[in-house]
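These notes concern the structure reproduced below.
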Amino acid sequence: MSSLKSFIKAVRAAKTIADERTVIQKESAAIRTSFREDYADISVRRQNVAKLLYLFTLGERTHWGQVECLKLLASSRFTDKRLGYLGTMLLLDENQEVLTLVTNSLQSDLNHPNQYIVSLALCTLANIASTEMARDLFADIEKVVASSNPYLRKKGALCAMRIIRKVPDLEEVFVDKAKSLLSDKNHGVLICGISLITDLCIHNPELIGTFKKSIPIIIKHIKSLSTSGYVPEYDVSGIADPFLQVKLLRLLRLLGAGDVQASEQMSDILAQIASNTDSSKTVGSSVLYEAVQTIFGIEADSGLRVLGVNILGKFLTTKDNNTRYVALNTLLRVIDREPNAVQRHRAIIIECLQDSDISIRRRALELSYALINGPNVRVLVRELLSFLETADAEFKPTLTSQIAIAAEKYAPTKRWHIDTIIRMLKIAGSYVKENVLSSFIILVIGSEDLQLYTVQKLYTALRNDVTQEGLTLVGTWLIGEYAKTLLDKGSFEDEDVVQEVNEAEVVSLLETIIEGSYATEVVKEYVLNALMKLTTRISSSSQIERIRRILNNHATSLEIEIQQRVAEYSKLFSYDSVRRGVLEKMPAPEVLKDLSTRYESEKAKNDAKKHPIASATRKSAVPAATTEDLLLDLMGDATPQAASPAPTASANNNNLLSDLFSSSSGAASPPPPAKNANIMDLFSNSPAPQTPPASTQNVNLNDLLGSASTTQSAAPTPVATSSGLGIDPIEAFNKGSLRLTFQPTSKDGPGSVVILAKFVNSGDAQISGLNLQVAVPKSQKLQLQSLSSSELLSGQTATQQLKVTGVPGTNVRLRLRILYIINGQEIKEQVDFGKFPPALL
């Protein structure tokens, strides 16, 4: 085909995929033939390369035409060079061997008198530069950055960013050039210069101190933009060059993080931007958002932070969903620093729960969890329960868990706590997790004065609704356990009429549940246990015989677990004294973990499988306000896994009750058992008849209960002998010639410990590019100082200080990523470390 236009028309005119494939193959063959022939007409080659790029956009293989793009670079015509450089950027990357042929062309064009040809070379180099190309051409880029042409200076600054990323050793060459760009009056050059400085500071935090001297110049630029009048060249919806303002604010955030003196210099201009910028349009909102990010990224005073929170609150009142999403997301990150200021916007946050956009609802829900505290728990939990009635199914499991956690942490009274959980079970009992059910049962067992009240409420609820599995499980368990209390003193309210509860009604209710269409295998197991317990709680022989008949009806069940339980229980009827001992009331357990701890631990295990490791590189010591967010996002709140495996269930099957409930075992809590657990053992506190376990899965009851005994052997801890805390260095990594140790040196108070990391090069080869990245769980915060040296000769050492803060009395766990170069080989190692002494914080 004679032209690119005709080729495109032919492809688009194809009616089937086969026709399109035929057209492409035919034209590809023609292009290859044309390339093999030595055409004197350069226009033919240009036309073929243009078709080649179109084939590339269609996803076709075009590697066979790469050299033809390089031939166009040798042309003296601008149109040929432009097409050649475009093809080079698209068809080649830094790993292609052919790329070495481009270096000479780039060097020649970087010194070309035509600024547009120099621009083409700069764009290409910035996109595909390899390490070798960067080393060969950095001197030419340095000249371009220092040139008098603003069009080339800005492109040279961006190209310098690529070179520094490929060869960090060359950053010193561009530091002074970057400083000079800050004084440029051209906005394009200024934006690119700030991007270069930001990149330099991110990749080498040691340079931040160098650029802090330029803070007055940066503030001057921002003040000039915020007070300038209408400038058509830079005006965007009434805001003077918002792109430059955002870049300047980001650089201020980087320079002011962790530095009180530098932050004080910025306070006035940040307050001015926050007060004078119009937020009615998206452009103004973007500048305000960046200003808020900077306020919370530096060491700003409380008044300025409150102003930032108020700006985010104003964002929530807009109709733009993107703005509201950003506001909710940011409020969630800053609530720990200004909780009272965020609480003032509670009403609008709750309104966002009813938003039509699911993303807004999700973020508002997460923020609502964080807002809950003692004074507002009644109001917020009531709102969350209202939202639970209409919430999407994907929200309900997490929402029910968070409501239960809030009730456990901040409940004003136990009765309110019980009422809240029961209402939640009525609304979304099928979505409630097992650990929530177990915690509720523990609460009732430990509240003797409320046991009758709770059983009455559950009995009434089950009479009205048996469709919610969680409600059915809890109600069945507690009715079976406290049936005597209910029968002796109980009554229930039905249509404002108080009616007594008799034995026949209780048995009928359980029979209705087990025979109903909502009875899953687990529900049937619970009902069978509750019925069996009733035989020791009621006195009517006719009702006991009725229970035996109900049990016998399930003796031929297809579910092996139910069949086994019926066989065991039927046998117990022959041993009345044993049956009464086995089915006595459960003792109050000792609670090892509260619900929130168990929930976070469970969440951490799930998140650890989905998210990569969070890295706190050297730059984390500088932007302290954003370090925690970085770790949370990357690490997914993962905590290191236990070093020793849990004991198998088969090892404990002979005496489960003594392990679970005796005073010497760390008393596990008695939540509803898992599907294949030995149910008779769980519902008694006396030795059960020795029967083989029905489950083929060897379920560990300790694990199922979510409160495993603490008898597992922990990782060995070092013997305290030296250092400020009396702790010896602990080896964390030892491979080849590099060894890393950690030594807790001092404590800044409860919940805070300073740790010294020490690298030692014990080999003969030099180690370079040494870098330590550290991540901690969400419940802790990390401050990481700079490494004393990234180069280690034989026998040399390097140190780095870490400061970990968290809940006093908890353990410190670290996830490490160690990067270094030795003998020209780049090494990356990842280690989970948790051998610090227990309760180090």
Side-chain angles (χ1 to χ4, degrees), residues 441-442 444-448 451-456 458-459 462 472-492 500-514 523-555 561-589 655-658 660-662 670-673 677-691:
I441 290 177
I442 291 171
V444 176
I445 292 176
S447 307
E448 294 186 6
Q451 287 173 355
L452 174 61
Y453 173 77
T454 305
V455 177
Q456 287 175 334
L458 291 170
Y459 179 76
L462 287 178
T472 304
L473 295 179
V474 169
T476 302
W477 197 97
L478 289 173
I479 288 174
E481 185 73 8
Y482 300 108
K484 187 170 181 60
T485 303
L486 179 64
L487 293 169
D488 291 347
K489 307 175 184 178
S491 61
F492 69 95
E500 293 184 358
V501 181
N502 57 51
E503 297 175 354
E505 289 175 344
V506 175
V507 175
S508 297
L509 175 61
L510 296 178
E511 185 179 16
T512 301
I513 294 172
I514 198 172
V523 170
K524 290 179 181 178
E525 292 168 3
Y526 275 62
V527 174
L528 289 175
N529 282 278
L531 287 169
M532 194 62 191
K533 285 193 173 187
L534 280 180
T535 62
T536 64
R537 271 66 163 173
I538 61 179
S539 56
S540 173
S541 57
S542 61
Q543 295 303 319
I544 294 176
E545 186 61 31
R546 181 182 175 188
I547 291 174
R548 293 187 65 170
R549 290 197 301 269
I550 296 173
L551 293 176
N552 290 334
N553 290 340
H554 292 83
E561 180 72 18
I562 294 176
Q563 197 178 118
Q564 178 185 337
R565 292 295 155 251
V566 172
E568 291 174 351
Y569 293 154
S570 298
K571 191 69 174 176
L572 275 180
F573 279 107
S574 303
Y575 304 93
D576 189 61
S577 60
V578 174
R579 175 168 57 90
R580 293 188 178 279
V582 166
L583 301 176
E584 285 182 0
K585 287 206 309 185
M586 297 279 284
N655 200 358
L656 288 173
L657 295 176
S658 60
L660 286 173
F661 301 115
S662 67
N678 190 326
I679 298 176
M680 183 179 70
D681 290 345
L682 287 176
F683 283 80
S684 65
N685 65 344
S686 299
Q690 297 298 322
T691 56

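All residue numbers in this chain count up from 1 along the given sequence. Values below: all heavy atoms of this structure, side chains included; hydrogens, waters and symmetry mates excluded.
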Provide the closest heavy-atom pair for [X] versus [Y] in the form atom of the first, atom of the second, distance.
{"X": "Arg537", "Y": "Gly480", "value": "NE-O, 3.5 Å"}
{"X": "Val527", "Y": "Leu510", "value": "CG1-O, 3.4 Å"}
{"X": "Ser540", "Y": "Ser542", "value": "OG-OG, 2.8 Å"}
{"X": "Ile544", "Y": "Phe573", "value": "CG2-CE2, 4.1 Å"}

If you measure from [atom1] on [X] to [atom2] on [Y], what distance do you get to the nearest 0.5 Å?
{"X": "Thr476", "Y": "Leu528", "atom1": "OG1", "atom2": "CG", "answer": "10.5 Å"}
{"X": "Arg546", "Y": "Glu511", "atom1": "CZ", "atom2": "CD", "answer": "5.0 Å"}
{"X": "Asn502", "Y": "Leu486", "atom1": "CG", "atom2": "CG", "answer": "10.0 Å"}
{"X": "Leu458", "Y": "Thr472", "atom1": "CG", "atom2": "OG1", "answer": "10.0 Å"}
{"X": "Tyr526", "Y": "Leu478", "atom1": "OH", "atom2": "CG", "answer": "10.5 Å"}
{"X": "Arg579", "Y": "Lys571", "atom1": "CZ", "atom2": "NZ", "answer": "14.5 Å"}

Within the distance-only criterion (no hydrogens, no angle test), does the side chain of [X] pair as donor or acceptor with the backbone N or O of [Y] below 3.5 angstrom?
{"X": "Glu503", "Y": "Ser539", "value": "yes"}
{"X": "Gln451", "Y": "Ile445", "value": "yes"}
{"X": "Glu481", "Y": "Met586", "value": "yes"}
{"X": "Thr536", "Y": "Lys533", "value": "yes"}

Could you please spell out the steps behind the side-chain contact (heavy atoms from CB on, under 4.5 Å) verdict for Ile514 and Val523? CA-CA 7 Å; Ile514 198 172; Val523 170; over 6 Å; no
Kindly determine whether Gln456 and Leu452 satisfy side-chain contact (heavy atoms from CB on, under 4.5 Å), including the steps that lead there. CA-CA 6 Å; Gln456 287 175 334; Leu452 174 61; 3.8 Å; yes
